[in-house]
2 protein chains.
Amino acid sequence: MLRVTAIDPSDEARVRRADRETSARAGDHRALRLWLRLLTCTQLLERHMRNLLRLRFGTTLPRFDLMSRLERYPEGLKMKELSHHLMVTGGNVTGIVDQLVRERLVERLPEPGDRRALRVRLTRAGDEAFGKMARAHEEWIVSVLSGLSRKEHAELFRLLAKVKSHALEITERKDGA
Amino acid sequence: MLRVTAIDPSDEARVRRADRETSARAGDHRALRLWLRLLTCTQLLERHMRNLLRLRFGTTLPRFDLMSRLERYPEGLKMKELSHHLMVTGGNVTGIVDQLVRERLVERLPEPGDRRALRVRLTRAGDEAFGKMARAHEEWIVSVLSGLSRKEHAELFRLLAKVKSHALEITERKDGA
DNA sequence: CTTGAATAGATTAAGCCTAAAGTATTGTAG
DNA sequence: CTACAATACTTTAGGCTTAATCTATTCAAG
């Protein structure tokens with residue numbers, strides 16, 4: 001494990017369980033500590049998923065997310081819709097779709113009636129590949145969240161919904177101004 | 001296996017408030033929905049912080065995080081310790097420190113007794129700049145999380161602690177294997 | 001002391017992501 | 001019809017992040 005050549009004795013304990021939030025000082029505001037814990041949790045889980053997707057399927061989380069979204073729309077989605085769903089910029093979607101097209105997992109189709117737009121959808125190969133990944137992915141998620149009881153799951157879900165809706169209000173307010 | 005129910009009328013509403021999780025199908029496992037909500041919340045808050053840091057201070061979240069960590073250690077931290085604290089790779093820390101050094105906000109000092117190591121710490125200018133940003137940052141966080149009561153804050157904090165510790169167990173188990 | 005493993009950092013290649021600017025198309029107002 | 005704004009997408013430049021690889025130094029065993 002980690003060795004610290006101990007400059008200051010308290011460093012040893014701090015570093016042992018090192019992440020962004022454990023060592024927040026007592027004086028820090030509780031909202032700040034909550035935010036740091038939220039960030040740490042998400043990063044931990046996200047990294048776990050990224051590693052598993054890379055090791056087991058040789059893919060990445062963004063590609064998986066994009067395919068996951070397309071899987072729900074057999075008729076495909078326009079680039080614009082995709083970027084909205086995934087909450088990323090259009091340029092980003094362009095790049096990821098480019099790769100998936102190269103790998104023959106998705107295809108770009110012309111949008112009838114609007115020559116500006118393109119419709120993206122899974123190919124048959126893409127759909128099959130995604131099916132395998134999705135089953136494994138769900139198992140991983142269930143496993144990594146299995147430390148909570150069903151009741152705690154529900155409570156956490158509820159609280160995050162509140163965080164989300166309040167955050168949406170605030171960010172939209174500022175964006176609009 | 002295209003098991004997606006064809007376009008149903010609720011699709012329209014789904015797209016209107018688009019993000020990764022709102023439109024999760026009823027059949028999806030609750031763990032999956034919880035994970036997607038967690039991800040959405042964090043992304044929402046993180047994006048908000050990134051935007052504010054960029055607009056108000058012309059800086060980025062990673063730079064802020066790094067300075068935030070250094071601010072707690074006036075004697076500085078070794079690169080290795082920094083990367084552990086921030087939960088990122090060493091190469092990443094190298095790059096961010098390079099920039100902050102160029103901007104005269106942090107400095108690299110030789111580590112007495114180990115010529116491999118470097119100690120990084122805030123310059124006086126860095127410390128002052130960070131102080132201004134930190135005060136604003138805390139206000140933003142308090143504001144964006146103000147939708148929850150104090151009791152809900154505590155409960156969310158507790159639940160996330162459980163998620164975190166369970167995730168640490170699992171990821172460390174797999175990493176060690 | 002010498003050798004070889006381990007450690008601290010830096011570098012590289014590749015992917016993700018954004019904001020801003022560019023291209024082509026559509027819609028609309030006169 | 002023309003001009004202009006809006007829309008859909010792509011491109012570009014730059015920053016973040018990783019895994020893998022490299023260099024220099026330290027440590028540990030003989």
Side-chain angles (χ1 to χ4, degrees), chain A residues 1-5 15 20 39 42-43 46-55 58-67 76-103 108-120 175, chain B residues 20 39 42-43 46-55 57-67 76-103 106 108-120 175:
Chain A
M1 274 317 262
L2 183 77
R3 292 298 152 71
V4 177
T5 49
V15 173
R20 272 211 192 82
L39 195 53
T42 302
Q43 285 178 338
E46 200 172 328
R47 168 177 327 225
H48 189 46
M49 291 304 120
R50 282 182 199 278
N51 282 337
L52 287 170
L53 282 173
R54 182 173 55 86
L55 295 173
T59 192
T60 65
L61 194 50
R63 282 178 233 200
F64 178 82
D65 280 346
L66 193 149
M67 293 177 74
L77 283 173
K78 291 193 287 186
M79 296 291 286
K80 178 79 175 185
E81 294 169 335
L82 256 179
S83 82
H84 190 201
H85 276 301
L86 299 172
M87 299 194 293
V88 297
T89 58
N92 192 353
V93 173
T94 295
I96 297 175
V97 167
D98 281 348
Q99 293 184 34
L100 292 173
V101 165
R102 238 175 279 129
E103 299 168 22
R108 283 188 172 97
L109 305 170
E111 171 74 2
D114 189 345
R115 278 184 298 171
R116 293 169 304 178
L118 292 171
R119 185 155 289 267
V120 183
D175 288 354
Chain B
R20 273 212 193 80
L39 197 52
T42 302
Q43 285 177 338
E46 200 172 329
R47 169 175 327 221
H48 189 47
M49 290 306 120
R50 283 182 199 280
N51 282 338
L52 287 170
L53 281 173
R54 182 173 55 85
L55 295 173
F57 296 108
T59 192
T60 65
L61 195 49
R63 281 178 235 199
F64 178 81
D65 280 345
L66 194 149
M67 292 177 73
L77 284 173
K78 290 194 287 187
M79 295 292 286
K80 179 78 176 186
E81 293 169 337
L82 256 179
S83 83
H84 190 202
H85 276 302
L86 299 171
M87 299 193 293
V88 298
T89 59
N92 192 351
V93 174
T94 295
I96 297 174
V97 167
D98 280 349
Q99 293 184 34
L100 292 173
V101 166
R102 237 176 280 128
E103 297 169 23
V106 310
R108 283 188 172 97
L109 305 170
E111 171 72 5
D114 189 344
R115 277 182 300 169
R116 294 170 304 180
L118 292 172
R119 185 155 289 269
V120 183
D175 288 354

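FYI, side chains are in, hydrogens and waters are out, and symmetry mates aren't considered; it's all heavy atoms of this structure. Bear in mind the structure is a predicted one, so any value in this text is a computation, not a measurement. Numbers restart at 1 for each chain; the letters A, B, ... are given by sequence-line order, proteins then strands.
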Considering only heavy side-chain atoms of Asn92(A), the closest of dA19(D), dA19(C), dT18(C) is dT18(C)
Rounded off to whole Å, could you give me the CD-to-P distance for the Glu46(A) and dT18(D) pair? 11 Å
Closest to the Arg108(A) side chain, choosing from dT10(D), dA8(D), dC16(D): dT10(D)
Atom CG of Asp65(A) and atom P of dC16(C): how far apart are they, to the nearest Å? 11 Å
When rounded to whole Å, the NE2 to P distance for the pair His85(B) and dA8(C) reads 14 Å
What contact category does Arg54(B) fall into here, base, sugar-phosphate, or nothing, at under 4.0 angstrom with non-hydrogen atoms? sugar-phosphate
Between N or O atoms, less than 3.5 Å apart, protein on one side and nucleotides 26-28 of chain D on the other: list the pairs.
unit_1, atom_1, unit_2, atom_2, d
dT26(D), OP1, Arg115(B), N, 2.8
dT26(D), OP2, Arg115(B), NH2, 3.1

If you compare all heavy atoms of Ile96(A) against all heavy atoms of Arg63(A), which two are closest, and at what distance to 0.1 Å? CG2-CG, 4.0 Å
Give a yes/no on whether any side-chain N or O of Gln99(A) is located under 4.0 angstrom from OP1 or OP2 of dC16(C). yes
Let me confirm one number: the CD-CZ distance from Glu111(A) to Arg119(A), rounded to the nearest 0.5 Å. 4.0 Å
Atom-pair distance (CG on Leu53(B); C1' on dA19(C)), nearest Å: 16 Å
Show the nearest heavy-atom pair for residues Leu61(B) and Glu46(B), with the distance to one decimal. CD2-CG, 3.5 Å
Rounded distance [0.5 Å steps], OG1 in Thr59(A) versus CZ in Phe64(A): 9.0 Å
The reported gap from CG in Leu118(A) to CG in Leu109(A) (rounded to nearest 0.5 angstrom) is 8.5 Å
Applying a 4.0 Å non-hydrogen cut-off, can you work out what Glu111(A) is touching in the nucleic acid: base, sugar-phosphate, or nothing? nothing
Give one of base, sugar-phosphate or nothing for Gly90(B), where a contact means two heavy atoms less than 4.0 Å apart. nothing
Among the nucleotides dA8(D), dG9(C), dC16(D), whichever has the atom closest to the side chain of Pro62(B) is dC16(D)
Return no unless some side-chain N or O of Thr60(B) is found under 4.0 Å from OP1 or OP2 of dC16(D). yes
Could you check how far CG of Leu109(A) sits from P of dA8(D), rounded to whole Å? 18 Å
Using heavy atoms to find the nearest nucleotide of DNA chain C for Ile96(A) and Ala117(B) separately, return the residue whose nucleotide is more 5′. Ala117(B)
Expressed in angstrom and rounded to an integer, what is the separation of Lys80(B) atom NZ from dA10(C) atom C1'? 13 Å
Side-chain N or O of Arg63(B) versus OP1/OP2 of dC16(D): is the shortest distance under 4.0 Å? yes
My understanding is that only residues two or more places apart in sequence, or in another chain, count here; which of them pass side chain to side chain donor-acceptor pair (under 3.5 Å) with Arg115(B)? none
From CD of Glu81(A) over to P of dT7(D), roughly how many Å is that when rounded to an integer? 15 Å
Comparing Lys78(A) and Val93(B) on DNA chain D - which has the more 5′ nearest nucleotide: Lys78(A)
When every non-hydrogen atom of Val93(B) is compared with those of Val88(B), the smallest separation belongs to CG2-CG2, 3.7 Å
If the threshold is 4.0 Å, N to carboxylate O, is there a salt bridge linking Asp114(B) and Lys80(B)? no
Taking atom C1' of dC17(C) as reference, at what distance in whole Å does atom CE of Met87(A) sit? 13 Å
